[in-house]
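Because only heavy atoms are used, hydrogens play no part in the values below, and waters and symmetry mates are left out as well, while side chains stay in. As the structure lists them, so they are numbered: ligands from 1, and atoms in each ligand from 1.
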Amino acid sequence: MEQTKNAHAGVRPPTAVLTRGFDPRLSVGSARPAVFRSSTYVFTSPEAAERAFQVASGRAKPLPGEDIELIYSRISHPNAEILEDQIVPLESGARQAVVFNSGMAAIMTAFLSFLRPGDSLIYTMPNYGGTRHLIREFLEPFQILGIAVLAGRWNEMEEAINATRRLKVIFIETPANPTLVMTDIARTAEAAARHPDRPLVIVDNTFLGPTFQHPLRLGADLVIYSATKYLSGFSDMLAGVALATDAELIQRMRAHRILFGNILQPDECWLLDGRLPTVPLRMNRQSKNAQRIAERLVEHPKVRRVHYPTLFTDPEQIKIRLAQCLQPGAIFSMEVEGGRKGAFEFLRRLKIARNAVSLGGVETLACHPRTTTHSSLSEEELDRCGITEGLVRVSVGIEDWHDLLDDFMQALDGI
Ligand SMILES: *Cc1c(COP(=O)(O)O)cnc(C)c1O
């Protein structure tokens, strides 16, 4: 598979995603990858087996062009290798990828690969509920200290970076879930580079990547995805990915993936692989739909406020958006009149959009973060993060935007 990778160097991402990483000759000529479900692999010789174990364990590095045989599917398998090769061109600046059986598996493996007892990590708030839970309930008892900073407050971030010792990771989710508040990736990377511990800057790029935001180009060390969302795009599977410019970081995560057993299974790799070529098409359509809808919803009398990148009013936020996002993306949150009652009434009246958590699928979904995705936060934290009683989060799909707008308007009229 190495040769195919090199033969296709130099083409643009939409071409590379369809041409690299897969050699039909290795799959009896099939034009699209086959699924290899075998859990174990037959060696061509005992020497080849010995060599494969040396490389897999990190005791030896493969020579340029050397063919290392597969061993066992928990370590790696052909569909993971194909997917990992094909996903790289979608993430600008990436050289290697590693796939996991969920976004949380990718985040957990990153934390356990780069943090040790006594270390600290800084993370932006609000963020994905699972990430916050992992930091507070799981890492803290292992003596890994999590320091939350409010997204969009640079002085809080700067103070935390300056004040923290044994700082090994700065974990940014931008735009923040569900308020869309942005964190300046380049500025954070510069501050991290000045810190004596040189913490890794890890960006959860699920909301805008890989099409509209390129953290590795802005100085981030590692990009993480819940591939459950836009990368797979149909709300029918779970997957996670981590990508980096520095292959060493990915190698460390791969070594841990072997121990944790959280590699993505062959069938899921195959499914996700087939979805990659349409990621930019879907995301562009979804973003255009969302922009048209969000910019019209602000005018409805029952809507107090719409959180959406093109509707930012804070000059600092506008500056960050222009510097790091190519398009505003397909998620917005809106604050409706009437608090929780108004929000629930709105959700109840939707006919096209469905009341469900998750995001990034071709279908439009809406939820009430304060009582669902973010319900583990204290009242005080919810208020501090701007997750109000009337806030509804919407993930816009690829339906005709006029129909979606009509649906939102009729639901708002009914509040
Ligand atoms: C969904 C999500 C995750 C978790 O991913 P899973 O695939 O559900 O494990 C992490 N971060 C963000 C921003 C998400 O939206």
Does a side-chain N-to-carboxylate-O contact under 4.0 Å join [X] and [Y]?
X	Y	result
Arg275	Asp236	yes
Glu337	Arg304	yes
Glu248	Arg95	no
Lys351	Glu399	no

Answer yes or no: does an N/O atom from [X] fall short of 3.5 Å to an N/O atom of ligand 1?
X	answer
Thr131	no
Thr228	yes
Gly103	yes
Asn177	no
Phe207	no

- So do the side chains of Val392 and Leu347 get within less than 4.5 Å of each other, counting heavy atoms only? yes
- Validation row, ring centre Phe332 to ring centre His307 under 6.0 Å: no
- Assess the pair Tyr41 and Phe36: is the distance between their ring centroids shorter than 6.0 Å? no
- Message: Check this for me: Trp401, atom CH2, are more than 12 non-hydrogen atoms of other residues, nucleotides or ligands nearer than 6.0 Å?
- Response: yes
- Note on the structure: For Thr206, the ligand 1 atoms with a heavy-atom partner under 4.0 Å come out as 12 (C), 13 (C), 15 (O)
- Query: Ser102 heavy atoms, cut-off 4.0 Å: which ligand 1 atoms fall inside?
  - Reply: 7 (O), 9 (O)
- Message: Within the structure, is a non-hydrogen atom of Asp204 found at a distance of less than 4.0 Å from ligand 1?
- Response: yes
- Message: Once you restrict to heavy atoms under 4.0 Å, what part of Ala239 touches ligand 1? Side chain, backbone, both or neither.
- Response: backbone
Nearest protein heavy-atom contact for [atom]: which residue, which atom, what distance?
atom	value
atom 9 (O) of ligand 1	Met104 N, 2.8 Å
atom 1 (C) of ligand 1	Lys229 NZ, 1.4 Å
atom 4 (C) of ligand 1	Tyr128 CE2, 3.3 Å

